[in-house]
Amino acid sequence: MNKILGLDVGDVWIGVAISDALLLTAQPLMTIKRESNKIAYEKIHEIILENNVEKVVVGLPKNMNNTIGPQSEKVIKFAEKLKNKFKVEIEYVDERMTTLMAEQVLIEGSVRRENRKKYIDKIAATYILQSYLDRLKL
């Protein structure tokens with residue numbers, strides 16, 4: 001069965017999460033440092049091939065009034081290139097609160113502030129993917 005990839009695309013870091021084979025749960029996978037788009041695309045492509053991914057769920061950072069701003073446009077541009085390069089389906093999920101939720105989980109888990117950055121993006125990606133998976137079950 002094919003898995004689904006979840007991405008939290010930022011300017012410096014890309015959080016990556018992956019679904020289980022039954023498409024029930026999302027697990028944090030890794031954080032990719034965006035040294036260059038070329039390297040980021042290569043790493044994502046490796047994950048797609050290794051896990052038989054045919055769909056990628058991308059968090060869309062909408063403004064609080066539900067409009068799309070410059071950051072969303074950057075994310076869409078990145079995701080569309082991913083779709084065209086690797087022939088994967090792209091779905092967008094509103095990610096407005098995911099970073100706050102991820103931060104809260106890390107605080108509750110007593111992760112020190114200086115260590116949170118290591119985890120926050122992949123946990124946000126996990127929330128993005130899990131919210132998509134939960135909608136599939138409805």
Measure the CD1-CD distance between I128 and E95 for me, rounded to the nearest 0.5 Å.
4.5 Å
How far apart are the closest heavy atoms of V93 and S131, and which atoms are they?
CG1-OG, 3.4 Å
Taking transitive links into account, so neighbours of neighbours count too, which hydrophobic residues share a cluster with W13 at under 4.5 Å side-chain distance?
V12
Please say whether more than 12 non-hydrogen atoms of neighbouring residues, nucleotides or ligands are located less than 6.0 Å from NZ in K33.
yes
Could you list the residues that satisfy side-chain hydrogen bond (donor to acceptor under 3.5 Å, both in side chains) with D11, not counting sequence neighbours?
Q71, K74
Does the side chain of I76 come within less than 4.5 Å of L60's, by heavy atoms?
yes
To the nearest 0.5 Å, tell me how far T31 OG1 sits from I14 CD1.
10.0 Å
Nearest non-hydrogen partners of D8 and A124, listed with the distance:
OD2-CB, 3.4 Å
Of all heavy-atom pairs linking N84 and K87, the shortest is O-NZ, 2.7 Å
Counting N and O atoms only, with roles assigned by atom type, does the side chain of N51 sit under 3.5 Å from a partner on the main chain of V53, one being a donor and the other an acceptor?
no
So if you build clusters from Ile, Leu, Val, Met, Phe, Trp, Tyr with side-chain heavy-atom gaps below 4.5 Å, do L5 and I39 land together?
no
I need the Q130 CD to Q27 CD distance, nearest 0.5 Å.
8.5 Å
For E89, enumerate each residue passing the salt bridge (Lys or Arg N to Asp or Glu O under 4.0 Å) test, keeping only those at least two apart in sequence or located in another chain.
K55
K83: side-chain hydrogen bond (donor to acceptor under 3.5 Å, both in side chains) partners, not counting sequence neighbours
E80
For the residue pair S72 and P61, what are the closest heavy atoms and their distance?
OG-O, 2.8 Å
Which atom names give the shortest non-hydrogen contact between K122 and L29, and what distance separates them?
CD-C, 4.3 Å
State the NZ-OG1 distance between K62 and T67, to the nearest 0.5 angstrom.
9.0 Å
Quick one: side chains of residues 41-50, donor-acceptor pairs under 3.5 Å with protein atoms, not counting sequence neighbours, listed by atom name and distance.
unit_1, atom_1, unit_2, atom_2, d
Y41, OH, F78, O, 3.1
E42, OE2, K38, NZ, 2.8

Return all side-chain donor-acceptor pairs below 3.5 angstrom for residues 16-24, not counting sequence neighbours, or 'none' if the list is empty.
unit_1, atom_1, unit_2, atom_2, d
S19, OG, I4, N, 2.9
D20, OD1, L23, N, 3.1
D20, OD1, L24, N, 2.7
D20, OD1, T25, N, 3.0

